[in-house]
Amino acid sequence: MRKKKVERWDQFVDVIEQIKKVASEIRPADFVPFRIPVDQSDMSLRKLEELTKELQSLQKEKSDRLKQVMEHLNTLHSLCEVLGVDFKQTVNEV
C-alpha cells in the first residue's frame with residue numbers, strides 16, 4: 001500500500017514539474033509559478049487526470065505557438081528571397 005502511495009506521489013510530482021517547465025517556456029515574461037497545493041491526502045486518479053489534462057493543454061499551446069513561429073519564419077524567408085534581402089540579418093534585427 002505504501003509503495004502504491006509513493007508511486008502515485010511520484011506521478012503527481014512528475015506531472016507538476018512538467019507543467020511548471022512547459023508553462024515557464026511559453027510564458028516566460030509574465031510567468032507566475034504554477035502553484036498546486038502539495039496535499040498528499042488528495043492523490044486521487046481524478047486529481048492526477050486533471051493535472052495531466054492541464055499538462056496536455058499547455059503542451060498543445062506550446063506546439064501551436066512553435067508552429068506559428070515557424071510559419072512566420074517561412075513567410076519572412078520567402079519575402080527576403082523575393083526582395084533580395086539577407087534572411088539571417090533580417091531575423092537578427094527582429
Undergrad: Quick one: closest heavy-atom pair of Leu58 and Ala23, and the distance?
TA: CD1-CB, 4.2 Å

Undergrad: Just how far is it from atom CG of Leu45 to atom CD of Glu50, taken to the nearest 0.5 Å?
TA: 11.5 Å

Undergrad: Checking side chain to side chain contact (heavy atoms under 4.5 Å, CB included) for the pair His72/Val69: CA distance, chi angles, key distance, verdict?
TA: CA-CA 5 Å; His72 289 312; Val69 167; 5.6 Å; no

Undergrad: Out of the candidates Lys62, Lys20, Arg65, only one should pair with Glu25 under the side chain to side chain contact (heavy atoms under 4.5 Å, CB included) rule; please name it.
TA: Lys62

Undergrad: My understanding is that only one of Thr90, Val85, Val91 makes a side chain to side chain contact (heavy atoms under 4.5 Å, CB included) with Phe87; could you say which?
TA: Val91

Undergrad: Does Thr75 use its side chain to pair, donor to acceptor, with the backbone of Glu71 at less than 3.5 Å?
TA: yes

Undergrad: Say whether Glu93 and Gln89, considering side chains only, have a donor N or O and an acceptor N or O under 3.5 Å apart.
TA: yes

Undergrad: Shared ILVMFWY cluster between Ile16 and Trp9, side chains joined below 4.5 angstrom?
TA: yes

Undergrad: Using the side chain to side chain donor-acceptor pair (under 3.5 Å) rule, take Gln68 and Asp64 through it: C-alpha gap first, then chi angles, then the decisive distance, then the call.
TA: CA-CA 6 Å; Gln68 186 177 25; Asp64 292 345; over 6 Å; no

Undergrad: Taking the side chain as every heavy atom from C-beta outward, state whether Gln56 and Lys60 have any atom pair closer than 4.5 Å.
TA: no

Undergrad: Assess the residue pair Arg8 and Lys4 against the criterion (side chain to side chain contact (heavy atoms under 4.5 Å, CB included)); give the C-alpha distance rounded to whole Å, side-chain angles, the decisive distance to 0.1 Å, and a yes or no.
TA: CA-CA 6 Å; Arg8 176 77 54 88; Lys4 285 186 178 189; over 6 Å; no

Undergrad: Is Leu76 linked to Met70 within one hydrophobic cluster, defined over Ile, Leu, Val, Met, Phe, Trp and Tyr using a side-chain heavy-atom separation of less than 4.5 Å?
TA: yes

Undergrad: Would you say that Glu17 contacts Val13 through its side chain, given a criterion of any heavy-atom pair below 4.5 Å between the two side chains?
TA: yes

